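As the structure is a prediction and not an experimental result, all values here were calculated from the model. A, B, ... follow the sequence lines: proteins, then strands. Residue 1 opens every chain.
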There are 2 protein chains.
Amino acid sequence: MRVSAKADYAVRAVAELAASPDGPVKGERLADSQDIPLQFLEHILLDLKHSGIVRARRGAKGGYWLAKPADEVSIADVIRAVEGPIANVQSAPPESISYKGSARELQNVWIAVRASLRDVLESTSLADLVSGDLPANVRDLADDKDAWAPR
Amino acid sequence: MRVSAKADYAVRAVAELAASPDGPVKGERLADSQDIPLQFLEHILLDLKHSGIVRARRGAKGGYWLAKPADEVSIADVIRAVEGPIANVQSAPPESISYKGSARELQNVWIAVRASLRDVLESTSLADLVSGDLPANVRDLADDKDAWAPR
DNA sequence: TCATTCCTGATTTCTTTACTAAACACGTAG
DNA sequence: CTACGTGTTTAGTAAAGAAATCAGGAATGA
């Protein structure tokens, strides 16, 4: 139930791209501005390119840019591109698992977990993230004081 | 963003305990009824004991039982006992991270992610799980047809 | 051509996961 | 009071994954 460094880096990098709409941004500048190791970041950007979120050009004046408008890319898209499916249980999607005995209802709980993650991550676009104008459901969750308390 | 085998096993084991309110249940029976490797399960039960969710007695007629009523133990409690905090980012709690530049709002997103996970996992008790009578908010999420579709 | 920049696979280091083995400690029955 | 059936604890390990790093190749523009 944790967010990996890779996913965190990926979201930060594309946020930086979303905030730089004019022309390509060099990997090095992305790495600098978000404190991400350059070579690791380049692998991540390659993943993002393969899944069509980012485009790139080499050579002088080269760099990376978003392949789509920032309001058409969700955070969920970015995480899936680098980590695969969200909210797997034991590396299998929750709808494919079946439990027996007293744990029979557990599948519904994992499905609900995944649905609630999707509610947040699919509704938030890169444009929302960069503008600070988060969707109402996300803002409501984050504004709750309890949400900031550790456990 | 995945649920580990350890967490899955832990929840299933305590569900089995919640369904057996009379006297101790042997580790072997838990392992059998839920298809969990016995020795691994005993490690898990030890974690659960240390955090006060389970109690145990050795010797003939020994076994494990819930330390508290099943409606006072949430799935979140069980997961925290074996995995530590829910929804950490890069092994740190989201409220302790600070982002710069275009990623500044990302902290709010991770806080919202954690809050939505808590909404599901803290509201569901072992009693709910065993009876199949999940809380309304969880049931609503799981009943949505989209929730069962892979992505 | 040449500097610049992305592209890619191999390798490394470290941690976690998932599990096994075996000695040890304790409680109950006989 | 002893033996046996339990749980407790320590130790260890193979395999996978996470997080980088290294070293070079391939495209682009000047």
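Between the axis at the start and the axis at the end of the helix from C:dT1-D:dA30 to C:dG30-D:dC1 there is an angle of 10°, using five pairs per end and rounding to 10 degrees.
Ion pairing between a basic and an acidic side chain is recognised when a charged N comes within 4.0 Å of a carboxylate O; B:Glu16 and A:Lys100 show no such pairing.
Rounding to whole angstrom units, CD of residue A:Gln90 and P of D:dA16 are separated by 15 Å. Computed from coordinates, the A:Asp47 CG to C:dC6 C1' distance equals 14 Å when rounded to whole Å. A straight line from CG of A:Leu38 to P of C:dC7 spans 12 Å, rounded to a whole angstrom. If you take CG of A:Leu41 and P of C:dT5, they are 15 Å apart, rounded to a whole angstrom. Across the protein-nucleic acid pair, A:Asn88 atom CG and D:dG17 atom C1' stand 15 Å apart, rounded to whole Å. The separation between A:Phe40 atom CZ and D:dA18 atom P is 9 Å, rounded to whole Å. Straight-line distance from the CZ atom of A:Arg2 to the C1' atom of D:dA19: 11 Å, rounded to whole Å.
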Under-3.5 Å N/O pairs linking protein and nucleotides 3-11 of chain D:
unit_1, atom_1, unit_2, atom_2, d
D:dT6, OP1, B:Lys26, NZ, 3.3
D:dG7, OP1, B:Gly27, N, 3.2
D:dT8, OP1, B:Lys49, NZ, 3.4
D:dT8, OP2, B:Tyr64, OH, 3.2
D:dT8, O4', B:Arg58, NH1, 3.0
D:dA11, N6, B:His43, NE2, 3.3

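Around CD of A:Gln90, the count of heavy atoms belonging to other residues, nucleotides or ligands within 6.0 Å exceeds 12.
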Enumerate donor-acceptor pairs with a distance under 3.5 Å from any side-chain N or O in residues 37-48 of chain B to protein atoms, sequence neighbours excluded.
none

Listed pairs under 3.5 Å, donor-acceptor, residues 63-72 of chain A side chains, sequence neighbours left out:
none

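B:Arg12 has its side chain within reach of A:Leu106: a pair of non-hydrogen atoms, C-beta onward, lies under 4.5 Å apart. When side chains are defined from C-beta on, A:Asn137 counts as touching A:Ser123, because their heavy atoms get closer than 4.5 Å. A heavy-atom distance below 4.5 Å is not found between the side chains of A:Trp110 and B:Val120. A heavy-atom distance below 4.5 Å is not found between the side chains of A:Arg151 and B:Pro85.
Note on B:Met1 and A:Val73: same hydrophobic cluster, where clusters join Ile, Leu, Val, Met, Phe, Trp and Tyr whose side-chain heavy atoms are under 4.5 Å apart, directly or indirectly.
Of the residues in residues 3-15 of chain B, not one comes within less than 4.0 Å of DNA chain D through any heavy atom.
Legend: salt bridge (Lys or Arg N to Asp or Glu O under 4.0 Å) pairs involving residues 104-115 of chain B, not counting sequence neighbours, sorted by first then second residue: A:Arg139-B:Glu105, B:Glu95-B:Arg114.
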Item to complete: Determine, stepwise, if the pair A:Tyr99 / B:Asp35 fulfils side-chain hydrogen bond (donor to acceptor under 3.5 Å, both in side chains).
Response: CA-CA 10 Å; A:Tyr99 293 104; B:Asp35 288 316; over 6 Å; no
